[in-house]
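What you see below is based on every heavy atom in this structure, not just the backbone, and it leaves out hydrogens, waters and symmetry mates.
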Amino acid sequence: MPIHSARLLAPAFAAVAVASLLATAPANAAVNGRSGGDVIGHVYETTNAAAGNAVQVFDRLRDGRLRAGATVPTGGHGLGASLASQYGLVRDGNLLFAVNGGDDTVSTLAITDRGLVRRDVASSGGDLPVSVTVRHGIVYVLNQNSETISGLRVSHDGHLQPLPHSTKALSKSGATPTAAAQVSFTPDGRSLVVTHKGDQTIDTFAVRNGYAGTATPHHSAGVTPYGFDFDRRGDAIVSEAGPSAVSSYSVHGNRVRTISASVSDQQAAACWLVVTRDYAFTVNAASASISSYRISSDGRLKLIASVAASTSAGGSDAALSPDGKFLYVRLSNGSVASYAVHHDGTLTKQQDVAGAATAGTSGLAAN
């Protein structure tokens, strides 16, 4: 259940020219506003290309709109098909972490004044990495096919080292594949949480000195638990693709208690979920929509709008700006849509912006 979603030169025709310069120059030369004084951050999208994974960079303007920029290789290979996950790309400070599902590696890229610069590529410790989480120099990668999590240490400048003897198996309830979707540290860092799409399970791993313990399984309140995020109190808010619903849970170490069970959004395939302030937003893959929920002070959920906004090409990932004022949704055609998030949880559509060609759900992050 957690880790959590920018552009450069000119419009679409310039994006191709910028990409051609990447082999010899760092991405995002305009990071300090040299291409426009209103650039305040970026949105990053992994392409997941089998021939070579890369990060498409978008400049994030003050009004939340995006402008396509450079494409920076991760140094690994994408899967070339959907990772069926959340947090395939995450940001921790000035570092990005990207899973490379095609060659079982994870990459780090530094966000610098000269642009995005690749720092390291290391083994994910298993087969088919689909999700990654980072906290205080410790990285854990979820490997879907090997049904494990595996740890690494990361230095302040982005260099990775395997964490010895850190690989842990997910819980299993028979022969059904776990089809795990996401791994995330809890906000207090005391646990790791993993959702299983395949066998309706949520695992917790107690963490001590950077090392995860044995998986403790918990039955999901709804079918196909998928993406998740945490509210300001540390409760886990989890999407459920099967019924297109959301559940909330209190998580304390290996203790998990259901607060709200499977609150329907009346849409189809709620997969990706993000939380800002007291609102949760689900991106519904099969109904081309975004739903909104209110989170009460005790973690209970109430549906605000079944369709808070529509997506033009069907959503396939989500990320928020650091201040929570803008929601970015990766579309099935690889474009990224931007929405303004208002204080009452309503959304206003801003734009869709095309970037590099992408292959399936792969990761979205913002700074």
Side-chain angles (χ1 to χ4, degrees), residues 1-4 82-88 90 128 130-133 140 142-145 147-149 168-174 176-187 191-205 212 215-231 234-252 254-275 280-287 290-291 293 295 299-301 303 315-318 361 363:
M1 305 174 151
I3 267 136
H4 328 88
S82 176
L83 297 177
S85 68
Q86 184 163 310
Y87 285 3
V90 299
L128 186 55
V130 297
S131 183
V132 59
T133 187
Y140 269 90
L142 172 62
N143 294 292
Q144 192 177 87
N145 282 355
E147 299 182 319
T148 59
I149 59 170
K168 296 292 181 180
L170 305 183
S171 68
K172 285 284 285 184
S173 56
T176 303
T178 58
Q182 184 182 340
V183 62
S184 182
F185 280 104
T186 54
S191 304
L192 286 162
V193 179
V194 176
T195 46
H196 299 200
K197 302 190 305 292
D199 58 9
Q200 325 317 324
T201 299
I202 299 171
D203 280 344
T204 55
F205 299 79
T216 299
H218 311 272
H219 189 71
S220 169
V223 178
T224 325
Y226 201 117
F228 61 90
D229 201 353
F230 296 94
D231 67 13
D235 295 327
I237 315 298
V238 186
S239 70
E240 296 158 356
S244 202
V246 179
S247 293
S248 58
Y249 305 86
S250 66
V251 181
H252 298 284
N254 277 329
R255 300 189 306 277
V256 174
R257 177 179 62 86
T258 302
I259 302 172
S260 287
S262 206
V263 181
S264 175
D265 70 2
Q266 301 166 19
Q267 295 293 290
C271 294
W272 304 275
L273 183 146
V274 292
V275 171
F281 299 99
T282 61
V283 177
N284 306 304
S287 54
I290 302 167
S291 301
Y293 289 80
I295 309 169
R300 289 178 297 159
L301 300 172
L303 180 67
S316 59
D317 216 332
T361 301

Heavy atoms only: give me the nearest Val132-Val90 pair and the separation to one decimal.
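In this case the closest contact between Val132 and Val90 is O-CG1, 3.4 Å.
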Determine the minimum heavy-atom distance between Pro217 and Asp203, stating which atoms define it.
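Heavy atoms only, the tightest pair is CA-OD1, 3.5 Å.
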Listed partners of [X] passing side-chain contact (heavy atoms from CB on, under 4.5 Å), at least two apart:
X      : result
Ala179 : Lys197
Ser250 : Asp235, His252, Arg257, Ile259
Ser82  : Ala84, Thr361
Thr204 : Val193, Thr216, His218, Val251, Asn254, Val256

Measuring only between side-chain heavy atoms, which start at C-beta, is [X] closer than 4.5 Å to [Y]?
X      : Y      : value
His196 : Ser171 : yes
Gln86  : Ser131 : no
Val194 : Gln182 : no
Leu142 : Ile149 : yes

Restricting to side chain to side chain donor-acceptor pair (under 3.5 Å), what partner residues turn up for [X], sequence neighbours left out?
X      : value
Thr178 : Glu147
Ser191 : none
Ser244 : Asp265
Gln267 : Ser287, Ser289, Ser306

When you measure from the side chain of Ser262 to the backbone N and O of Ala221, does any donor-acceptor pair fall under 3.5 Å?
no
Within this structure, what is the CD-OG distance for the pair Gln144 and Ser85, rounded to the nearest 0.5 Å?
7.5 Å
Calculate, to the nearest 0.5 Å, the distance between atoms OG1 and CD1 belonging to Thr282 and Ile290 respectively.
8.5 Å
Could you list the residues that satisfy salt bridge (charged side-chain N to carboxylate O under 4.0 Å, His left out) with Arg255, not counting sequence neighbours?
none
Residues forming a salt bridge (charged side-chain N to carboxylate O under 4.0 Å, His left out) with Asp231, sequence neighbours excluded
Arg233
In chain order, what residues pass the ring-ring contact (aromatic ring centres under 6.0 Å, His included) check against Tyr226, with sequence neighbours excluded?
Trp272
